[in-house]
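Values below: every heavy atom of this structure, side chains too, minus hydrogens, waters and symmetry copies. Below, chains carry the letters A, B, ... as their sequence lines are ordered, and counting in each starts from 1.
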Amino acid sequence: MKRIKIKEILSNSSQYIDQQITLKGWVRTKRGNKHVAFVALNDGSTIHTIQIVLDVVKFSEDQLKDVTTGACIGVTGKLVQSQGAGQSVEMQAEALEIIGVADPETYPLQKKGHSLEFLREIAHLRPRTNTFSCVLRLRHAMAFAVHKFYNDKGFVYVHTPIITGSDAEGAGAMFQVTTLDVSNPPKTKEGAIDYTKDFFGKSTNLTVSGQLEGELAAMALGEVYTFGPTFRAENSNTTRHLAEFWMIEPEMAFYEIQDNMDLAEEFLKYLVQYALDNCIDDLNFLNEMYDKELVGRLKSIVETPFVRLNYTEAVEILIASKQKFEYKVEWGIDLHSEHERYLVEKHFMKPVILTNYPKEIKAFYMKANEDGKTVRAMDVLFPGIGEIIGGSQREDNLEKLQARCKEVGIHENEIWWYLDTRKFGSAPHSGFGLGFERLMLFVTGMGNIRDVIPFPRTPQSAEF
RNA sequence: UCCUUCUUAGCUCAGCUGGUUAGAGCACAUGACUGUUAAUCAUGGGGUCCUUGGUUCGAGCCCAAGAGAGGGAGCCA
């Protein structure tokens, strides 16, 4: 008999009532007495379980013994109105198949909750918990919504390379990619490692951003986006950083900085609304278990216009606040998280988009303003998360970009291909990067970025 | 990388001023109960007190070093 998913049964129960159905899934709990056993079965299609009623006389003792927390079973029987109080329907089982046993003495997940720290140590089993099944369903929904948002707008999804030979992005320390024998690498006459003997004939790394390649595509296709893994070899040990994370980077020709901000705000609101519309069961569970304000906060984000503020104005607000900050505020500093938190969580109490930063603290490719001091950068700051999006209008003037490269010490022969876009048919364009796991932190209300990706990669940690 | 806290049963934790045989709840096992809702009740098994070294008549507890984890900061998305 064909298996039906629990989500389908529960959402269309009237259609299946008194019908013979087959369910397959994993046992969450079993309880009961000598005559009847109740099994809560979950198959991952929904946060909810369905109650299986096992009339003890119908099954062998051996079979019932193997129905333990964590075991995988298949059951066939009739869907009936429940006699118990906790659910409207349940299955009266007629046939039981033990698909995979789970020794209860050694199975690490118990019926009661576990700490998130413990679950990280058993990341291979944590998707079986309510919390992580919620997070992973939401992660899927958000990834799908990203593609839907851009596809519906006519953006082209561009696959940028994972292995890059360019080290000009300046976005952080990189992981080297090499096939050389690291214990005995070939050397040049001068004694340096001879990368001409390496696989690609040059030194290569895992990408820290697809942006530069995204810009190339935008100069042909108009509006594009990338969505892929990125890698940073920074020794960051925080609840907001991973060594391997996923990033969404749209890049749009003919967008000025204002258009860029409009898109970023619309995009974030779309994603949050998508979660509210499609994953409310999972959100309600997370709201109940971890963060009582989660759903309310998500709803308010969708309704509230984001504050838009110049860096200079932000500095003035911070100075006028008379707050005691660990790092002193003055024009020219890169804002620290205490400053961002003050603006977002105390002063405005809503998301803030900061623009026009001093050029010294931003990347070489950002478009200079007429004042000669600031660039058209924008950071979207979210409550509890900090910087969720970083972006800018790009410098489209060849001479200015070349001058900027010189100032920051990037050799033109490293990124000649990037400069070519400004040489041939240059156009104003803008883009931004959204850290996918930062978005997931916000949408799930989870406190640690290691809990919103299936297998987190952090310094000193690459198990599983 | 810096600051800080923690590490005792499978899990979550208690453990007095350093004192004899290290406890609880949950989980697990056995039994009871004819409809349970993270079932309940009874009984039971389960310990390298993170590791190494030191102080002491005596260390889970004090000291040192190391390992691992959490939180904060920096870097950033």
Side-chain angles (χ1 to χ4, degrees), chain A residues 27-40 42 48-57 65 68-70 80-87 90 92 102-122 129-130 169-173 208-211 229-249 264 289 325-327 334-338 340-341 361-363 379-382 385-391 432-442 447-451 453 458-461 463:
Chain A
V27 174
R28 283 290 166 77
T29 68
K30 184 174 80 167
R31 46 183 179 262
N33 54 44
K34 206 186 285 176
H35 306 274
V36 62
F38 302 95
V39 172
N42 182 276
H48 300 297
T49 55
I50 195 164
Q51 175 156 285
I52 310 294
V53 183
L54 296 165
D55 210 341
V56 169
V57 293
K65 222 177 161 59
T68 58
T69 299
V80 295
Q81 300 288 346
S82 179
Q83 299 169 37
Q87 58 284 314
E90 64 192 14
Q92 199 70 46
D103 175 13
E105 291 272 9
T106 52
Y107 184 63
L109 291 170
Q110 57 190 44
K111 300 175 199 179
K112 280 222 171 184
H114 294 92
S115 66
L116 295 169
E117 290 83 2
F118 173 67
L119 293 174
R120 271 173 225 148
E121 294 169 14
I122 51 166
T129 63
N130 285 331
E169 284 94 339
V208 292
S209 164
Q211 181 202 313
T230 44
F231 307 88
R232 306 270 169 96
E234 303 284 355
N235 191 11
S236 298
N237 294 288
T238 79
T239 55
R240 300 181 306 282
H241 291 84
L242 291 165
E244 177 183 290
F245 65 101
W246 288 65
M247 190 150 64
I248 299 129
E249 296 177 288
M289 297 300 287
F325 293 117
E326 197 180 330
Y327 293 88
D334 206 352
L335 297 182
H336 290 266
S337 39
E338 55 175 343
E340 296 179 346
R341 291 186 81 106
I361 59 172
K362 288 293 178 182
D379 284 0
V380 182
L381 310 179
F382 257 36
I385 312 290
E387 184 182 341
I388 192 167
I389 276 180
F432 59 81
L434 168 67
F436 188 54
E437 285 76 18
R438 295 257 174 105
L439 170 78
M440 288 302 302
L441 282 177
F442 185 74
N448 193 313
I449 203 163
R450 297 175 181 96
D451 297 328
I453 188 169
T458 53
Q460 299 297 308
S461 171
E463 191 72 47

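Among the atoms of the strands shown, none is found under 4.0 Å from any heavy atom of A:F432. Across all strands, A:D103 comes closer than 4.0 Å to no nucleic acid atom at all (heavy-atom distances). Among the heavy atoms of the strands lying under 4.0 Å from A:Q51 is at least one base atom, whether or not backbone atoms are also near. Among the protein residues, A:E90 comes within range of the nucleic acid bases, having at least one heavy atom under 4.0 Å from a base atom. Contact annotation for A:E387: backbone-only contact, meaning every heavy-atom pair under 4.0 Å involves sugar-phosphate atoms and none involves a base. Across all strands, A:L242 comes closer than 4.0 Å to base atoms (heavy-atom distances). Using a 4.0 Å heavy-atom cutoff across all strands shown, A:P108 reaches no nucleic acid atom at all. A:G32 comes within 4.0 angstrom of a nucleotide base, judged by non-hydrogen atoms across all strands. Residue contacts shown for A:A85 include a base, since a base heavy atom lies under 4.0 Å away.
In this structure, A:N448 reaches the B:G71 phosphate: one of its side-chain N or O atoms is under 4.0 Å from OP1 or OP2. Put simply, A:K34 has no side-chain N or O that comes within less than 4.0 Å of OP1 or OP2 on B:U34. Taking 4.0 angstrom as the limit, A:H35 places none of its side-chain polar atoms (N or O) nearer than this to OP1 or OP2 of B:C33. Of the side-chain N and O atoms in A:K65, one or more sit less than 4.0 angstrom from OP1 or OP2 of B:U30. Side-chain nitrogen and oxygen atoms of A:N33 include none within less than 4.0 Å of the OP1 or OP2 phosphate oxygen of B:C33. Applying the 4.0 Å criterion to OP1 and OP2 of B:G74, one finds that A:S337 has a side-chain N or O inside that range.
Look at CD1 on A:I122: it is 14 Å from C1' on B:U12, rounded to the nearest Å. Taking atom CG of A:L109 as the reference point, atom P of B:A27 lies 14 Å away to the nearest angstrom. A:K362 places its NZ atom 8 Å from the P atom of B:C76, with the value rounded to the nearest Å. Distance CD1 (A:I449) to P (B:G70): 14 Å, rounded to an integer number of Å. What separates CZ of A:F118 from C1' of B:U7 is a distance of 15 Å, to the nearest Å. Rounded to a whole Å, the OH atom of A:Y107 is 15 Å from the P atom of B:C11. Atom CD of A:E338 is separated from atom C1' of B:C75 by 15 Å (rounded to the nearest Å). Across the protein-nucleic acid pair, A:R120 atom CZ and B:C6 atom P stand 19 Å apart, rounded to whole Å.
The A:T239 side chain lies nearest to B:G72 when the options are B:U36, B:G72, B:C11. Among the nucleotides B:G10, B:U36, B:C76, the one closest to the side chain of A:Q110 is B:G10. When distances run from any side-chain atom of A:R450 to the nucleotides B:G74, B:C76, B:G71, the shortest one goes to B:G71. Distance from the side chain of A:H114 is smallest to B:C11 among B:C11, B:A38, B:G74. Listed nucleotides B:G71, B:C76, B:C28 differ in distance to A:H241; the shortest reach to its side chain belongs to B:C76. For A:R240, taking side-chain heavy atoms from C-beta onward, the closest of the listed nucleotides B:C75, B:G70, B:G35 is B:C75. Among B:C76, B:U36, B:G35, the nucleotide with an atom closest to any side-chain atom of A:Q87 is B:U36. When the nucleotides B:C75, B:U12, B:U30 are ranked by their closest atom to the side chain of A:S115, B:U12 comes out on top. With distances taken from any side-chain atom of A:Q460 to the nucleotides B:G68, B:C28, B:A73, the minimum falls on B:G68. With distances taken from any side-chain atom of A:E117 to the nucleotides B:A69, B:C28, B:G35, the minimum falls on B:A69.
Separating the P atom of B:G54 from that of B:U12 is a span of 32 Å, rounded to the nearest Å. With P as the reference atom, B:G53 and B:G10 are 24 Å apart, rounded to whole Å. Comparing B:C57 with B:G70, their C1' atoms sit 39 Å apart, to the nearest whole Å. Rounded to whole Å, the C1' atom of B:G58 lies 16 Å from the corresponding atom of B:U21. The separation of B:C11 from B:U20, taken at their P atoms, amounts to 26 Å, rounded to a whole angstrom. B:U8 and B:C13 have their P atoms separated by 9 Å, with the value rounded to a whole Å. Nucleotides B:U36 and B:A32 are separated by 15 Å at their C1' atoms, to the nearest Å. Between the P atoms of B:U52 and B:G60, the separation comes to 13 Å (whole Å).
If you find the closest nucleotide of RNA chain B to A:A243 and to A:S461, the one lying nearer the 5' end belongs to A:S461. Comparing A:G113 and A:L434 by the nucleotide of RNA chain B that holds the closest heavy atom to each, the one mapping nearer the 5' end is A:G113.
Using the Watson-Crick or G-U wobble rule with both distances under 3.5 Å, B:A73 pairs with B:U1. Both distances falling under 3.5 Å, in either a Watson-Crick or a G-U wobble arrangement, place B:A29 opposite B:U43. With both pairing distances under 3.5 Å, B:G19 is matched to B:C57 as a Watson-Crick or G-U wobble pair. Using Watson-Crick or G-U wobble geometry with both donor-acceptor distances under 3.5 Å, B:A24 finds its partner in B:U12. Nucleotide B:A64 is matched to B:U52 when pairs are restricted to Watson-Crick or G-U wobble geometry with both distances under 3.5 angstrom.
For the residue pair A:T29 and A:R31, a side-chain donor N or O sits within less than 3.5 Å of a side-chain acceptor on the partner. A side-chain N or O of A:R28 and one of A:N130 form a donor-acceptor pair less than 3.5 Å apart. Judged by distance alone, the side chains of A:T69 and A:Q110 never bring a donor and an acceptor atom under 3.5 Å apart.
Side chain of A:R232 to main chain of A:E244: no donor-acceptor pair is present (N/O by atom type, distance under 3.5 Å, no hydrogens or angles). Side chain of A:E387 to main chain of A:L381: no donor-acceptor pair is present (N/O by atom type, distance under 3.5 Å, no hydrogens or angles). Distance alone, capped at 3.5 Å, places no donor-acceptor pair between the A:Q87 side chain and the A:Q51 backbone. Distance alone, capped at 3.5 Å, places no donor-acceptor pair between the A:N235 side chain and the A:P459 backbone. For the pair A:E249 (side chain) and A:G210 (backbone), a donor-acceptor distance under 3.5 Å is present.
Across all non-hydrogen atoms, the minimal contact from A:T239 to A:G447 is CB-O, 3.5 Å.
No side-chain heavy atom of A:D451 sits under 4.5 Å from any side-chain heavy atom of A:L119.
Contact annotation: side chain of A:S236 to base of B:C75, donor-acceptor pair present below 3.5 Å.
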